[in-house]
Every structure is written in C-alpha cells, then in structure tokens.
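For reference, the structure is listed below as structure tokens.
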Amino acid sequence: MVGEKIRRLRLDRNMTLAELGNELGISHQQLQKYETGTNRLSAGMLSNVADVLRVPIASLFEDENQAQNKTADPSARARAECHSWIDRTGSTERLGMMAKVLKVMSAD
C-alpha cells in the first residue's frame with residue numbers, strides 16, 4: 001500500500017523513477033522495488049520520501065478515501081506540482097526566471 005502511494009505521488013509530480021531515486025540517493029531499480037512492494041522501506045527512507053515528495057509521513061499510510069478528500073482541492077494539487085518543479089531546479093538563474101514568470105502571472 002505504501003509503495004503504491006509513493007508511485008502515485010511520484011507520477012502526480014511528473015517525476016521519473018530515476019529523478020526521484022536521484023533525490024533520495026538510491027537507484028531507480030531500488031525505488032521500483034519499494035513501489036512494487038518487493039522491498040520494504042525503512043523508517044529513515046519513509047521520512048526521506050515524505051520530505052522529497054513534500055507530504056506528511058502519515059499521508060503515506062492513509063487509505064485512498066482519506067487521500068482523495070485531502071487532494072480534492074485542485075489548487076492544492078497545483079501548488080504541490082509547482083513546489084515539486086521548483087525543488088528540482090538546481091540553477092539559480094532558472095529559479096530567478098521561474099520567480100519572474102510566477103510574478104507576472106499572478107499580477108491580475
């Protein structure tokens with residue numbers, strides 16, 4: 001159940017196995033084993049996954065109905081996706097460009 005939830009969150013954020021694996025410091029093969037339930041995640045890895053995906057650890061254990069109620073807000077999903085892209089950007093120059101684009105878009 002936890003592995004499936006991680007996979008769903010990863011896909012919601014448009015991340016590949018390799019991208020999330022890189023951020024976690026593990027191979028994409030190891031991440032795939034976690035997602036499929038072949039290998040179990042340690043408490044430390046659960047914490048790392050939650051940090052990288054920007055979710056509370058408890059949400060990794062929620063059943064689908066609880067999760068749907070929390071992600072039903074489209075703006076919350078969009079914010080989470082934006083945070084995911086920003087967090088994956090390593091270039092200061094690109095981050096500055098993103099900030100300028102967001103500033104222009106928010107000036108209604």
Side-chain angles (χ1 to χ4, degrees):
M1 179 177 94
V2 173
E4 290 174 15
K5 184 70 175 258
I6 292 170
R7 181 177 191 277
R8 196 171 317 109
L9 289 167
R10 175 179 61 79
L11 293 174
D12 284 348
R13 286 155 178 75
N14 297 314
M15 295 180 86
T16 64
L17 281 166
E19 288 171 334
L20 182 54
N22 259 354
E23 291 199 37
L24 294 171
I26 60 174
S27 69
H28 73 277
Q29 294 97 333
Q30 182 61 44
L31 178 57
Q32 187 174 36
K33 289 178 183 180
Y34 290 149
E35 288 186 354
T36 60
T38 303
N39 289 1
R40 293 183 184 202
L41 287 93
S42 68
M45 184 55 68
L46 279 171
S47 177
N48 291 345
V49 169
D51 287 346
V52 169
L53 294 175
R54 301 181 66 84
V55 296
I57 292 175
S59 73
L60 298 175
F61 297 97
E62 291 176 344
D63 68 24
E64 194 56 33
N65 292 334
Q66 289 173 316
Q68 284 178 351
N69 289 339
K70 286 188 177 180
T71 59
D73 178 15
S75 62
R77 285 185 63 125
R79 279 189 184 89
E81 186 174 359
C82 288
H83 282 290
S84 176
W85 285 109
I86 290 167
D87 289 345
R88 287 189 267 165
T89 303
S91 163
T92 304
E93 183 180 332
R94 284 190 182 177
L95 284 169
M97 289 171 31
M98 288 175 157
K100 288 177 184 176
V101 168
L102 290 171
K103 183 177 180 180
V104 169
M105 290 179 69
S106 67
D108 289 339

Between Leu31 and Leu11, is there a shared hydrophobic cluster once you connect ILVMFWY residues whose side-chain heavy atoms come closer than 4.5 Å?
no
Which distance, rounded to the nearest 0.5 Å, do you find between the NE2 of His28 and the CG of Leu20?
12.5 Å
Between atom CG of Asp12 and atom NZ of Lys5, what is the distance when rounded to the nearest 0.5 Å?
9.5 Å
Does Thr36 have any side chain to side chain donor-acceptor pair (under 3.5 Å) partners at least two apart in sequence or in another chain, and if so, which?
Thr38
Who pairs with Val55 by side chain to side chain contact (heavy atoms under 4.5 Å, CB included), at least two apart in sequence or on another chain?
Leu9, Arg13, Ala50, Leu53, Ser59, Leu60
CZ of Arg94 to CE of Met97: how many Å apart, nearest 0.5 Å?
7.0 Å
Minimal heavy-atom distance between Tyr34 and Ile26, with the atoms involved, is CE1-CD1, 3.8 Å
Closest heavy-atom contact between Glu19 and Asn14?
OE1-O, 3.7 Å
Would you give the length of the straight line joining atom CE of Met45 to atom CG of Leu24, rounded to the nearest 0.5 angstrom?
5.5 Å
Report the residues that fulfil side chain to side chain donor-acceptor pair (under 3.5 Å) with Glu35, sequence neighbours left out, ordered by chain and then residue number.
Arg10
Closest approach of Ile57 and Leu46, non-hydrogen atoms and distance?
CG1-O, 4.3 Å
What pairs with Glu93 under side chain to side chain donor-acceptor pair (under 3.5 Å), at least two apart in sequence or on another chain?
none
ILVMFWY clustering at 4.5 Å (side-chain atoms), partners of Ile86:
Leu95, Met98, Leu102
Which residues pass the salt bridge (charged side-chain N to carboxylate O under 4.0 Å, His left out) test with Asp87, sequence neighbours left out?
Arg54
